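One structure below.
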Amino acid sequence: MIRHTIIELVRSGISAAQAAGALPAFEIPQIEVSHPPKPDMGDYSSSLPLKLANVVKRPPLQIAQTIAKHIPANDAIGKIETAAPGFVNFTLAPAWVSLEVTRILAAGARFGDVNLGEGKRAQVEFVSANPTGPLHIGGARNAAIGDTLARVLDAAGYKIEREYYINDAGSQIRHFGASMYARYAQAAGLDVPFPEDGYKGAYVAEYAQEVLARDGRKYLDMPQPEATRRLGRIGTDLVIAQVRSTLERMQVCYDTWFSEKSLYDSGLFDKVLKMLGDRSLLYESEQATWFAATKLGLEKDAVLIRSPQIIPNPEERPTYLASDVAYVWNKLVERKFDRVIYVWGAGHHGDVPRVFAVAQALGLDTARIQILLYQNVQLTRGGERVTMSKRGGNFVSTDEVLDEVGPDALRFMLITSSANAAMDFDLQLAVQQSNDNPVYYVQYAHARIAGILRNAAAQSITVTDGNTALLQHPSELALIKQMLKLEQVVEFAATKLEPHHLTHYALELARAFSGFYDDCPILPPKQTDADLMQARLALVRAAKQVLARTLDLMGVTSPETM
RNA sequence: GCCCGCGUAGCUCAAUCGGAUAGAGCGUUUGUCUUCGAAACAAAAGGUUGGCGGUUCAAGCCCGUCCGCGGGCACCA
């Protein structure tokens with residue numbers, strides 16, 4: 001990657017200057033290379049001389065000049081300049097830039113890959129919403145962030161597995177079952193009261209009717225607890241099927257749907273509980289079992305198993321944290337992932353230190369765990385809050401948003417802002433804006449290129465490799481340079497776990513293409529030079545490929561026509 | 001009360017671990033189509049980066065302190 005090349009050139013320049021006695025000896029710090037604010041200043045720049053001023057005790061500009069003078073020649077670099085107060089600026093060599101088109105085309109659909117992960121296995125666990133109702137907009141943000149992150153990490157050289165953790169072990173399943181039972185009995189014509197703490201959403205009644213139509217009245221003939229349990233199971237299966245289909249509409253597919261309940265059925269929970277006990281991190285208080293988190297520096301201890309007085313049913317006594325203990329062991333030890341990434345709503349941030357504490361307590365390397373938090377999405381309609389509680393009803397599902405806005409625009413909107421910024425999602429505005437959503441600007445560039453290639457075929461033009469060295473127009477070079485940036489965007493997004501950089505890159509790339517398209521005729525009759533036509537066709541094919549890859553990294557489609 | 005996130009153009013958001021004149025999209029204004037897709041291009045207007053103080057060559061970013069918004073501090077999930 002060109003950015004790394006330049007970093008190494010700066011390093012060589014410093015070393016050479018030191019060897020020549022032009023700079024004193026010092027340990028070279030980490031070298032940052034970024035882009036100057038204006039293109040005429042160059043393509044890449046380093047502010048390292050400013051940082052070295054304290055160490056070297058010389059004016060930064062003088063340091064910059066000394067380093068610049070000692071940087072070895074390189075085919076990729078056309079010009080090295082220094083600028084006040086102490087920058088070293090690099091301009092890429094046009095001849096080198098234009099030939100990079102060939103490399104981009106050769107890399108094909110995998111252009112943009114970087115090898116950070118070296119094939120290590122990473123799991124991204126995301127969404128994992130309770131299976132008690134359709135996916136809401138917060139779940140959609142989770143899906144967009146998690147899946148894009150998975151795609152980016154895949155491009156960054158990790159072997160990725162996507163996982164949905166199904167919370168099928170808690171008391172919410174029983175509540176959901178009771179709600180299902182009530183709606184089912186009501187649908188069968190019985191006057192049955194709806195539970196106080198039930199799930200009031202209309203979807204429960206829809207599921208109940210579905211069951212009644214399919215299985216008849218048979219659940220009314222069995223003891224109510226039995227019927228509630230079975231209807232709960234049936235209901236969650238229906239919910240999961242619906243959630244799965246919603247996620248598929250969003251281009252999200254999982255490798256594993258992992259059952260929380262299986263952590264108990266397999267005996268794993270008992271095993272890790274004993275491990276915590278062996279390390280004297282458990283104690284009983286008022287018939288509940290506590291994890292001594294304060295021994296690991298946390299502010300409070302936390303309950304793992306609640307007391308029988310409060311929770312009669314033994315299966316419902318373990319808390320979320322209890323499952324998390326077994327789950328983190330399952331991920332890191334039983335399934336041996338090198339890295340695991342959790343994507344959580346920020347409402348769970350209080351649980352973060354506890355997960356790290358239990359991992360530490362189990363003797364696991366916490367550096368393998370990362371928990372990415374995203375702030376809430378507030379759904380509004382015309383500026384007014386829309387409630388999103390599954391139990392409260394009055395619920396706008398992701399399916400409805402998808403119906404109105406479409407998956408491409410939805411995904412793009414949900415990853416445009418950084419995860420730790422809360423966002424308002426106004427339905428009215430989203431529908432209104434969906435037609436001039438930025439995502440269409442990017443897709444339009446792609447469709448336009450497809451149109452050019454169709455046009456070339458219609459003119460019976462045989463596409464050859466082309467001599468890309470002919471691409472020397474400023475707009476051509478700007479487009480190629482923009483394409484080359486994809487590699488560093490992938491690297492950056494993967495390193496920082498910040499998928500939102502992709503949307504901004506995609507817009508810049510589409511803009512660079514549009515500028516080129518406006519300035520540079522490609523096909524006859526506007527273009528009369530056959531060699532230049534072939535070179536530009538090569539450029540256009542490369543641009544199409546990079547646009548498609550960028551969109552694909554976001555889970556957005558690349559249309560041939562719009 | 002304590003903890004976490006946020007506050008940037010009218011709106012939605014960026015800003016590559018502290019770098020150069022804070023950038024895009026939408027909206028507004030003005031130009032550009034009898035031929036490769038005008039869902040486009042070119043340009044303009046729009047900012048005391050919530051306030052005040054501090055750290056240093058340099059602060060939207062770090063520190064302190066206020067103000068405002070959201071979230072968390074359960075034997076809830």
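Treat the numbers as computed from the prediction; the structure is a model and nothing was measured. A, B, ... follow the sequence lines: proteins, then strands. Residue 1 opens every chain.
Comparing B:rC17 with B:rC26, their P atoms are spaced 28 Å from each other, to the whole Å. For the C1' atoms, the distance linking B:rA15 with B:rG25 amounts to 15 Å, nearest Å. Remark: the separation of the P atoms in B:rC61 and B:rU49 is 10 Å, to the nearest Å. Nucleotides B:rA44 and B:rG7, compared at atom P, are 28 Å apart to the nearest Å. Taking the C1' atoms as reference points, B:rC63 lies 23 Å from B:rC69, given to the whole Å. Taking the C1' atom of each, B:rU16 and B:rA9 are spaced 23 Å apart, rounded to whole Å. Spacing between B:rG10 and B:rG47 at atom P, rounded to whole Å, works out to 7 Å. Comparing B:rG46 with B:rG23, their P atoms are spaced 14 Å from each other, to the whole Å.
Residue-level contact check: A:Thr289 touches neither bases nor backbone, having no heavy atom under 4.0 Å from any strand. Counting any heavy atom pair closer than 4.0 Å across all strands shown, A:Gln30 reaches a base atom. A:His501 comes within 4.0 angstrom of sugar-phosphate atoms only, judged by non-hydrogen atoms across all strands, and of no base. Among the atoms of the strands shown, base atoms are found under 4.0 Å from some heavy atom of A:Ala83. If you check every strand for non-hydrogen atoms under 4.0 Å, A:Glu286 touches a base. Base engagement by A:Lys51 is indicated by at least one non-hydrogen atom pair under 4.0 Å involving a base atom. At the heavy-atom level, A:Arg536 lies nowhere under 4.0 Å from the strands shown. Across all strands shown, A:Thr416 has heavy atoms under 4.0 Å from sugar-phosphate atoms exclusively, and none from any base. If you check every strand for non-hydrogen atoms under 4.0 Å, A:Ala288 touches a base. A:Glu560 comes within 4.0 angstrom of a base, heavy atoms only. Using a 4.0 Å heavy-atom criterion, one finds that A:Asp168 contacts no nucleic acid atom at all. Note on A:Ile310: a base of the nucleic acid sits closer than 4.0 angstrom, heavy atoms only. Residue contacts shown for A:Gly347 are limited to sugar-phosphate atoms, with no base heavy atom under 4.0 Å away. Backbone-only contact: A:His504 has heavy atoms under 4.0 Å from sugar-phosphate atoms and none from a base.
Using modelled atom types, one finds a donor on one side chain and an acceptor on the other under 3.5 Å when comparing A:Glu498 with A:His501. A:Tyr374 and A:Asn142 share a donor-acceptor pair across their side chains, judged by distance under 3.5 Å alone.
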Contacts under 3.5 Å, N or O only, protein and nucleotides 38-43 of chain B:
| residue | atom | partner | partner atom | Å |
| --- | --- | --- | --- | --- |
| B:rA38 | OP2 | A:Arg448 | NH2 | 2.5 |
| B:rA39 | N6 | A:Met562 | O | 3.4 |
| B:rA40 | O2' | A:Arg448 | NH1 | 3.2 |
| B:rA40 | O2' | A:Arg448 | NH2 | 3.4 |
| B:rC41 | OP1 | A:Tyr441 | OH | 2.3 |
| B:rC41 | O2' | A:Asp518 | OD2 | 2.7 |

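Taking 4.0 Å as the cut-off between side-chain N and carboxylate O, A:Glu476 and A:Arg536 count as a salt-bridged pair. Between A:Arg229 and A:Glu315 there is no salt bridge, since no side-chain nitrogen of the basic residue lies less than 4.0 Å from a carboxylate oxygen of the acidic one. A salt bridge does not link A:Asp324 with A:Arg354: none of the charged nitrogens is closer than 4.0 Å to a carboxylate oxygen. With salt bridges taken as basic N to acidic carboxylate O contacts below 4.0 Å, none links A:Arg511 and A:Glu508.
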RNA chain B in dot-bracket form (Watson-Crick or G-U pairs under 3.5 Å, [ ] crossing, | inter-strand) is (((((((..((((.....[...)))).(((((.......))))).....(((((..]....))))))))))))....
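B:rC63 takes the anti form, because its glycosidic angle lies more than 90° either side of 0.
The distance between atom CG of A:Leu298 and atom P of B:rC3, rounded to the nearest whole Å, is 15 Å. The separation between A:Phe425 atom CZ and B:rG70 atom P is 20 Å, rounded to whole Å. Atom CE in A:Met41 sits roughly 7 Å away from atom C1' in B:rU21 (whole-Å rounding). B:rC75 atom P lies 10 Å from atom OH of A:Tyr283, rounded to whole Å. Between A:Glu81 atom CD and B:rA20 atom P there is a gap of 18 Å when expressed in whole angstrom units. Taking atom OH of A:Tyr374 as the reference point, atom P of B:rC6 lies 17 Å away to the nearest angstrom. In this structure, CD1 of A:Ile137 is placed 19 Å from P of B:rG70, rounded to the nearest angstrom. Atom CD in A:Glu508 sits roughly 10 Å away from atom C1' in B:rA15 (whole-Å rounding).
When the side-chain nitrogen and oxygen atoms of A:Arg454 are compared with OP1 and OP2 of B:rC36, none of them lie within a distance under 4.0 Å. Between A:His500 and B:rA15, a side-chain N or O to OP1/OP2 separation shorter than 4.0 Å is present.
The nucleotide whose nearest atom lies closest to any side-chain atom of A:Asn54 is, among B:rG5, B:rC57, B:rU16, B:rC57. Looking at the side chain of A:Leu50, the nearest of the listed nucleotides B:rA14, B:rA20, B:rC57 is B:rC57. The side chain of A:Glu32 has B:rC17 as its nearest neighbour among B:rC6, B:rC75, B:rC17. Comparing B:rC36, B:rC75, B:rU16 against the side chain of A:Ser34 picks out B:rU16 as the nearest.
Within the 4.5 Å cutoff, the side chain of A:Asp197 has no heavy atoms near those of the A:Ser179 side chain.
By the 30° and 60° cut-offs, the orientation of the rings of A:Phe516 relative to A:Phe513 is tilted. The aromatic rings of A:Tyr165 and A:Tyr327 lie parallel to each other, their planes meeting at an angle below 30°, with 60° marking the opposite boundary.
A:Arg174 contributes atom CZ, which lies 7.0 Å from atom CG of A:Asn313 (distance to the nearest 0.5 angstrom).
Between the side chain of A:Ser47 and the base of B:rA20, no donor-acceptor pair under 3.5 Å is found. No donor-acceptor contact under 3.5 Å links the side chain of A:His349 to the base of B:rG72.
Partners of A:His473 under the ring-ring contact (aromatic ring centres under 6.0 Å, His included) rule, at least two apart in sequence or in another chain, do not exist in this structure. By the salt bridge (Lys or Arg N to Asp or Glu O under 4.0 Å) test, A:Asp408 pairs with no residue at all, sequence neighbours left out.
With the nearest nucleotide of RNA chain B identified for both A:Leu507 and A:Asp351, A:Leu507 has the one nearer the 5' end. With RNA chain B read from its 5' end, the first of the two nearest nucleotides for A:Ser45 and A:Gln488 is the one closest to A:Gln488.
Each ring pair (Phe, Tyr, Trp, His ring centres under 6.0 Å) pair with one or both residues in residues 37-65 of chain A, not counting sequence neighbours, appears once here: A:His35-A:Tyr44. Within the structure, every pair that satisfies the salt bridge (charged side-chain N to carboxylate O under 4.0 Å, His left out) test and touches residues 485-495 of chain A, not counting sequence neighbours, is listed here: A:Arg3-A:Glu491, A:Arg103-A:Glu487.
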